[in-house]
Amino acid sequence: MWVHPSNTQIKTLKKKFNKHYTQLLPIINTWDPIGLVGSGAPDDEYDCITVLLIVLLEQGKSQNEIYEFIIHELDDHFSMGIDSISNDYREQFIKKHKEFSSDLIDWYISYKGNTN
């Protein structure tokens with residue numbers, strides 16, 4: 001499936017996709033899926049997600065593939081997957097991340113349209 005990038009790989013991808021990264025970082029930090037940035041974590045807290053999202057968007061992955069990656073990463077790296085969410089909030093959790101996945105694709109299409 002997805003392999004979590006090393007710190008060196010993250011740095012390389014940030015450099016390779018610097019313009020994308022600069023534009024996407026505030027979007028990711030506003031999304032703040034588990035509240036780390038809002039609690040004072042550094043702006044690059046989600047770089048493992050951010051750089052791989054850029055790669056997936058560049059590869060033309062679908063909304064569902066983006067969503068599946070996000071859910072996998074939240075579970076695998078942050079231990080905040082669907083199973084960690086109580087049944088009362090699970091539907092809301094899924095909806096939030098599906099909408100975010102769709103919004104990312106919309107952002108990317110708009111971003112690419114403005115950079116050509």
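Here the structure is a predicted model, which is why all the values come from computation and not from measurement. All residue numbers refer to positions in the sequence shown, counting from 1.
Checked against side-chain contact (heavy atoms from CB on, under 4.5 Å), Glu91 has no partners two or more places apart in sequence or in another chain. With sequence neighbours excluded, the residues forming a salt bridge (charged side-chain N to carboxylate O under 4.0 Å, His left out) with Lys95 are Glu99, listed by chain and number. When the side-chain contact (heavy atoms from CB on, under 4.5 Å) test is applied to Ser6, the partners found at least two apart in sequence or on another chain are Thr8, Gln9. With sequence neighbours left out, Lys11 forms a side-chain contact (heavy atoms from CB on, under 4.5 Å) with no residue at all. For the side chain to side chain donor-acceptor pair (under 3.5 Å) test, residues two or more places apart in sequence or in another chain that qualify with Ser62 are Glu65.
Other residues, nucleotides and ligands contribute only 12 or fewer heavy atoms inside 6.0 Å of the CD atom of Gln92. Residue Lys96 places its NZ atom among more than 12 non-hydrogen atoms of other residues, nucleotides or ligands, all under 6.0 Å distant.
A pairwise comparison of heavy atoms in Arg90 and Ile85 identifies NH2-O, 2.8 Å as the closest pair. Scanning all heavy atoms of the two residues, the minimum distance from Pro5 to Cys48 falls at CG-O, 4.2 Å. Heavy atoms only, all atoms of each residue included: Lys112 and His20 are closest at NZ-NE2, 4.0 Å.
Applying the side chain to side chain donor-acceptor pair (under 3.5 Å) test to pairs two or more places apart or on separate chains, those with a residue in residues 26-53 are Lys14-Asp47, Tyr21-Asp47, Trp31-His97, Asp32-Tyr46.
Here the straight-line distance linking atom CD1 of Ile54 with atom CG of Asn18 works out to 9.0 Å at 0.5 Å rounding. If you take CZ on Phe17 and CG on Leu53, they are separated by 12.0 Å, rounding to the nearest 0.5 Å. Gln23 CD to Ile28 CD1: the interatomic distance, rounded to the nearest 0.5 Å, is 12.5 Å. Ile71 contributes atom CD1, which lies 9.0 Å from atom NZ of Lys98 (distance to the nearest 0.5 angstrom).
Residue Val51 forms a side chain to side chain contact (heavy atoms under 4.5 Å, CB included) with just one option from Leu13, Leu24, Leu56, and that option is Leu13.
The side-chain heavy atoms of Ser84 and Asp75, taken from C-beta on, include no pair separated by under 4.5 Å. With contacts defined as side-chain heavy-atom distances shorter than 4.5 Å, the pair Phe78/Leu36 qualifies.
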Please list every donor-acceptor pair under 3.5 Å in which a side-chain atom of residues 102-109 meets a protein atom from a residue at least two apart or in another chain.
residue : atom : partner : partner atom : Å
Tyr108  : OH   : Glu58   : OE2          : 2.3

Test side chain to side chain contact (heavy atoms under 4.5 Å, CB included) applied to Phe100 and Ile66, step by step: CA-CA 9 Å; Phe100 184 71; Ile66 300 288; over 6 Å; no
